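Structure record follows, encoded as structure tokens.
The first residue of the sequence shown is numbered 1, and numbering continues consecutively from there. This structure is a prediction, so every number in the text was calculated from the model and none was measured.
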Amino acid sequence: MIGGGPGGLYFAYLWKRRHPEDQVDLFEQNPADATWGFGVVFSDQALEFLRADDPETVDAIAPHMESWENITLSLGGDSVAIDGVGFSSIGRLELLRFLQQRALDVGVTPRFDTQIQAVDQLNGYDLIVAADGLNSLVRRTFEGDFGTSLSYSSNKFVWYGTSKRFDTLSQTFVKTDRGAFNAHHYRYSPAMSTFLVECDHATWQAYGFAYKDVEQSKGVCEEVFADTLGGHCLVSNKSVWRNFPWVWNEHWSFKNMVLIGDALHSAHFSIGSGTRLAIEDAIALVKALESDAHLATALHRYQAARKPVVQKLVNAARTSAFWYEQFAQHMQQGLMDFAYSYITRSGRIDDARLRHMSPGFMARYEAARNGGDEA
């Protein structure tokens, strides 16, 4: 294993638990207690998928998670709740520590603070699983063989934390005299929340963020979202402005190397599925490897079974990301129309599903629309 994030740790744990006679070595370039970012969020659907394959892990993690049943949207000082959209979250570092312990308990050999400089260092292993993230060494070394493509979303984003506790997963949209901002925020522990700030490139330029350091950028964001933060500060953890990278690979394996998680594909943070996809990749890879003793055939089976599922979700993520690239225009709508546009943005939810999933919101939306009032 290269990479000690959730996907790499989970694959190592799962394989070693089921095949205790095998040697499983995990190499992670960072210390065991290092992580970038703050919280990790799972939909109820994602947790149920994991529970079907590994109920013990879900039952062990669940008591440490924060959970809620609504999304709250705030626009121009007004708010609306969208009911029936269940999520749970946990601190990224807490999740990593939990998975590290699971891997240790079954006999995985983790080697933290160990950077692999070249793939040749791993000669002799039967299988190399690259879970080393967006900048994967394995993928970059053989990107032609993996059929790698890389592009970027036009919006800028920066990932903070805050001690302000939010009741639900929330989205706050704010218009200023120099542009529009959006914040994705949700609690991941009793005392901390994720607070991700996003804006389009024109707004980013208008505020001169290219010339501001981390503290100056944080100060601007605290000012823009002062009402939302309610006196709380933002917390930085290598919090720099970035464009979201779209990573995709047509071929998921090459020789005895296989990609999982962000090394293989990226899904926009607006659908909160990066960690889920990495863990599901690990499960699918284990199943494929156990289904066929011939490595090349098993790796082909992994791609054939998993790729259509991932592609569908990534396509939805791209549609969602495009909505966010236009969110300043969407903000010109009334609150209910704006909320409806938001919740249907990925193309996966139609009116019938929305009535079933979010009956309270849909009743309000249809009443506003049929009543002729500004929706």
If you draw a 6.0 Å radius around [atom1] in [X], do more than 12 non-hydrogen atoms from other residues or ligands fall strictly inside?
X: H300; atom1: NE2; result: no
X: R364; atom1: CZ; result: no
X: K212; atom1: NZ; result: yes
X: N256; atom1: CG; result: yes

TODO: Using the ring of Y207 (Phe, Tyr or Trp, six-membered ring only), decide whether R178 places NZ or CZ under 6.0 Å from its centre and within 45 degrees of its axis.
DONE: yes
- [ ] Go through the steps for L354 and F361 under the test side-chain contact (heavy atoms from CB on, under 4.5 Å), then give the verdict.
- [x] CA-CA 9 Å; L354 196 53; F361 167 76; 4.1 Å; yes
Open item on the list: Please evaluate residues T162 and H185 with respect to the criterion side-chain contact (heavy atoms from CB on, under 4.5 Å), reporting the C-alpha separation (whole Å), side-chain torsions for both, the decisive distance (0.1 Å), and the verdict.
Closed with: CA-CA 9 Å; T162 179; H185 44 94; 6.0 Å; no
With a 3.5 Å cut-off and sequence neighbours excluded, list the donor-acceptor pairs that the side chains of residues 62-71 form with protein atoms.
unit_1, atom_1, unit_2, atom_2, d
E66, OE1, R165, NH1, 3.4
E66, OE1, R187, NE, 2.7
S67, OG, S88, OG, 2.8

Calculate, to the nearest 0.5 Å, the distance between atoms [atom1] and [atom2] belonging to [X] and [Y] respectively.
X: W248; Y: F146; atom1: CH2; atom2: CZ; answer: 14.0 Å
X: F254; Y: L299; atom1: CZ; atom2: CG; answer: 12.5 Å
X: R111; Y: L26; atom1: CZ; atom2: CG; answer: 10.0 Å
X: N135; Y: R140; atom1: CG; atom2: CZ; answer: 6.0 Å
X: M336; Y: E366; atom1: CE; atom2: CD; answer: 10.0 Å
X: K218; Y: D213; atom1: NZ; atom2: CG; answer: 10.5 Å

Flag side-chain contact, heavy atom, 4.5 Å: [X] against [Y]:
X: Q216; Y: V220; value: no
X: M1; Y: L9; value: no
X: Y340; Y: M362; value: yes
X: R92; Y: T275; value: yes
X: R17; Y: L14; value: yes
X: I116; Y: V138; value: no
X: L295; Y: L289; value: yes
X: H251; Y: D145; value: no

Task: Counterpart residues, side-chain hydrogen bond (donor to acceptor under 3.5 Å, both in side chains), relative to K16 (two or more places apart) - done: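 K16: no side-chain hydrogen bond (donor to acceptor under 3.5 Å, both in side chains) contacts found.
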Open item on the list: List the residues meeting side-chain hydrogen bond (donor to acceptor under 3.5 Å, both in side chains) with S236, not counting sequence neighbours, and say none if there are none.
Closed with: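 side-chain hydrogen bond (donor to acceptor under 3.5 Å, both in side chains) check on S236 returns S239.
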Please find out if less than 6.0 Å separates the ring center of [X] from that of [Y].
X: F157; Y: W159; answer: no
X: Y342; Y: F173; answer: no
X: F338; Y: W323; answer: yes

So, [X] side chain and [Y] main chain: donor-acceptor pair closer than 3.5 Å or not?
X: S320; Y: R318; value: no
X: D54; Y: L50; value: no
X: T297; Y: A293; value: no
X: E28; Y: N30; value: yes

Considering non-hydrogen atoms only, spot the tightest contact between [X] and [Y] and give its length.
X: A321; Y: W246; answer: CB-CZ2, 3.5 Å
X: Q303; Y: P308; answer: O-CD, 4.1 Å
X: A339; Y: V80; answer: CB-CG1, 3.8 Å
X: S193; Y: K164; answer: OG-O, 2.6 Å
X: H265; Y: V310; answer: CD2-CG1, 3.5 Å
X: L93; Y: A32; answer: CD1-O, 4.4 Å

TODO: Take Y188 and V40 through the side-chain contact (heavy atoms from CB on, under 4.5 Å) test and state the conclusion after the steps.
DONE: CA-CA 7 Å; Y188 62 83; V40 174; over 6 Å; no
- [ ] Run through the side-chain heavy atoms of Ile, Leu, Val, Met, Phe, Trp and Tyr, join any pair under 4.5 Å, and report what else lands in V247's cluster.
- [x]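 Grouped by the 4.5 Å side-chain rule, L134, L150, Y152 form the rest of the cluster around V247.
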TODO: Start with the C-alpha gap between N249 and T148, add the side-chain angles, then the distance that decides, and say whether side-chain hydrogen bond (donor to acceptor under 3.5 Å, both in side chains) holds.
DONE: CA-CA 4 Å; N249 293 273; T148 304; 2.6 Å; yes
Open item on the list: What verdict does the side-chain contact (heavy atoms from CB on, under 4.5 Å) test give for C221 and L234, after you've listed the backbone C-alpha separation in whole Å, the side-chain angles of each residue and the deciding distance to 0.1 Å?
Closed with: CA-CA 8 Å; C221 292; L234 293 175; 3.7 Å; yes
- [ ] State, without any angle test, whether S136 and D132 hold a side-chain donor-acceptor pair at a distance under 3.5 Å.
- [x] yes
Open item on the list: Less than 3.5 Å apart, any donor N or O on the side chain of Q101 or D105 sitting next to an acceptor on the other?
Closed with: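 Result is yes, a qualifying pair exists.
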Task: Ion pair R301/E290, N-O distance below 4.0 Å - done: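 Result for this pair is no, no salt bridge flagged.
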TODO: Identify whether the distance between the nearest side-chain nitrogen and carboxylate oxygen of E48 and R51 falls below 4.0 Å.
DONE: yes
Show me the donor-acceptor pairs, under 3.5 Å and distance only, between side chains in residues 122-131 and residues at least two apart or in other chains.
unit_1, atom_1, unit_2, atom_2, d
N123, ND2, D120, O, 3.2
Y125, OH, D25, OD2, 2.6

Task: Path from L73 to I349 over hydrophobic side-chain contacts below 4.5 Å - done: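 Yes, L73 connects to I349 through the hydrophobic network.
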Open item on the list: Run the side-chain hydrogen bond (donor to acceptor under 3.5 Å, both in side chains) test on D281 and Y10 for me, step by step, so that the C-alpha distance in whole Å, both residues' side-chain angles and the decisive distance to 0.1 Å come before the verdict.
Closed with: CA-CA 10 Å; D281 286 348; Y10 193 72; over 6 Å; no
Open item on the list: Set out, in order, the CA-CA distance, both residues' side-chain angles and the distance that settles side-chain hydrogen bond (donor to acceptor under 3.5 Å, both in side chains) for T72 and T168, then state yes or no.
Closed with: CA-CA 6 Å; T72 303; T168 69; 2.8 Å; yes
Open item on the list: Ring-plane angle category for Y324 and F327, please: parallel below 30°, perpendicular beyond 60°, tilted otherwise.
Closed with: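 Judged by the thresholds at 30° and 60°, the geometry between Y324 and F327 is perpendicular.
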Open item on the list: Could you go through S79 and S74, starting from their C-alpha distance and side-chain angles, then the distance that decides it, and tell me whether this counts as side-chain hydrogen bond (donor to acceptor under 3.5 Å, both in side chains)?
Closed with: CA-CA 4 Å; S79 297; S74 296; 2.8 Å; yes
Tell me which donor-acceptor pairs under 3.5 Å the side chains of residues 194-202 have, and how far apart each pair is, sequence neighbours excluded?
unit_1, atom_1, unit_2, atom_2, d
T194, OG1, G39, N, 2.9
E198, OE1, H184, NE2, 3.0
E198, OE2, N155, ND2, 2.9
D200, OD1, A202, N, 3.4
D200, OD1, T203, N, 2.8
D200, OD1, T203, OG1, 2.8

